[in-house]
Amino acid sequence: MFGPTKTKGSRRQILISSYEAAELKKYREWQENYSKLLGDLYTDQGLVLTAAFGGNLDYSKFTKHFRELVKRENLKTDFHNMRHTHASLLLAKGIHPKVVQERLGHSSITLTLDTYSHLIPTMQQTAAEAMHSIFQPDAVQDNKS
């Protein structure tokens with residue numbers, strides 16, 4: 001959809017990996033070749049995902065196809081759940097909650113932590129070990145040996 005975002009924080013850049021960037025570049029090359037085949041029938045608006053003849057996707061049609069794919073593949077998800085999965089996987093990998101907050105566009109880290117803190121129980125153990133290492137640096141080294 002085009003137009004203003006829900007909040008100022010909703011409009012943001014999200015970094016992707018070099019692998020994802022390479023895949024998008026490959027897709028863009030395919031898209032350029034496809035548009036050449038269609039010639040004047042293709043409307044190029046500089047979008048990554050387009051309708052069959054270019055231009056923006058119809059949200060309701062895209063959602064319908066997405067739901068059909070999810071059902072066909074016997075998945076239990078929707079767009080909102082994929083957002084939660086994104087956050088959950090990052091936190092499980094030890095990504096700092098502030099980074100997750102920024103990627104999700106939450107207005108404050110409080111919202112992110114209130115929603116996802118149950119997924120990061122090891123943070124308390126990590127904090128305890130960090131404090132121990134401050135006061136007993138040799139003991140932490142001994143435990144790692």
Side-chain angles (χ1 to χ4, degrees), residues 1-134 137 140-141 143-145:
M1 294 189 293
F2 296 97
T5 55
K6 185 170 140 184
T7 67
K8 183 181 175 188
S10 296
R11 189 169 190 89
R12 62 198 177 279
Q13 291 184 352
I14 299 173
L15 295 177
I16 59 175
S17 71
S18 56
Y19 171 80
E20 292 161 331
E23 290 299 309
L24 284 171
K25 284 179 184 174
K26 280 195 260 182
Y27 179 76
R28 182 64 179 159
E29 288 174 16
W30 175 88
Q31 192 178 46
E32 287 172 358
N33 290 330
Y34 175 72
S35 69
K36 287 176 188 171
L37 286 173
L38 292 178
D40 291 340
L41 296 174
Y42 190 84
T43 304
D44 188 355
Q45 292 181 325
L47 302 171
V48 175
L49 298 175
T50 67
F53 292 94
N56 61 317
L57 289 168
D58 179 273
Y59 178 77
S60 60
K61 287 181 184 176
F62 181 81
T63 302
K64 179 183 176 215
H65 290 298
F66 176 79
R67 288 183 182 144
E68 289 170 358
L69 172 69
V70 165
K71 185 176 180 180
R72 183 177 69 237
E73 298 299 324
N74 199 28
L75 300 172
K76 306 279 189 254
T77 194
D78 58 28
F79 286 121
H80 195 71
N81 285 341
M82 290 191 319
R83 178 179 165 83
H84 283 304
T85 300
H86 174 85
S88 301
L89 292 173
L90 290 175
L91 291 166
K93 281 289 195 181
I95 301 302
H96 194 284
K98 182 68 178 171
V99 174
V100 176
Q101 173 220 337
E102 291 169 354
R103 290 181 72 85
L104 294 177
H106 287 163
S107 58
S108 75
I109 196 166
T110 304
L111 175 59
T112 308
L113 290 172
D114 286 348
T115 306
Y116 298 103
S117 62
H118 67 285
L119 299 171
I120 43 179
T122 59
M123 288 183 83
Q124 286 292 343
Q125 183 64 38
T126 303
E129 290 172 9
M131 285 303 296
H132 181 73
S133 70
I134 291 167
V140 173
Q141 282 294 351
N143 288 338
K144 292 186 178 181
S145 300

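Here, residue 1 is the first one in the sequence, and each next residue gets the next number. Every value quoted in this text rests on a predicted model; they were computed, and no experiment measured them.
Of all heavy-atom pairs between T77 and M82, the closest is OG1-CG, 3.5 Å. Here the shortest heavy-atom pairing between L57 and T50 reads CD2-O, 3.1 Å. Considering all non-hydrogen atoms of both residues, A51 and N56 come closest at CB-O, 3.9 Å. The two residues V100 and A87 come nearest to each other via the heavy atoms CG1-CB, 3.8 Å. Of all heavy-atom pairs between H106 and T112, the closest is ND1-OG1, 2.6 Å.
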Derivation of the salt bridge (charged side-chain N to carboxylate O under 4.0 Å, His left out) call for R28 and E32 | CA-CA 6 Å; R28 182 64 179 159; E32 287 172 358; 3.6 Å; yes
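In this structure, CD on E129 lies 12.5 Å from CD1 on I134, to the nearest 0.5 angstrom. A distance of 6.5 Å separates CD1 of I14 from NE2 of H86, quoted to the nearest 0.5 Å. Rounded to the nearest 0.5 Å, atoms OG1 (T115) and CG (L91) are 10.5 Å apart. Note that the OH atom of Y116 and the CG atom of L104 stand 5.5 Å from one another [nearest 0.5 Å]. Considering CD of E73 and NZ of K71, their distance stands at 13.5 Å, rounded to 0.5 Å. Interatomic distance, OG of S108 versus NZ of K98, reported as 8.0 Å (0.5 Å rounding).
For E29 and K26, the salt-bridge test fails: no basic side-chain N is under 4.0 Å from an acidic carboxylate O.
The backbone N or O of D78 lies less than 3.5 Å from no partner atom in the side chain of R67, so there is not a single donor-acceptor pair. No side-chain donor-acceptor contact under 3.5 Å links Q45 to the backbone of G54.
Under the 30°/60° scheme for interplanar angles, the aromatic rings of Y42 and Y34 are found to stand perpendicular.
Not counting sequence neighbours, the partners of S10 by the side chain to side chain contact (heavy atoms under 4.5 Å, CB included) test are T5, K6, T7, R12.
Under a cut-off of 6.0 angstrom, the local environment of CZ in F79 is crowded, with over 12 non-hydrogen atoms contributed by other residues, nucleotides or ligands.
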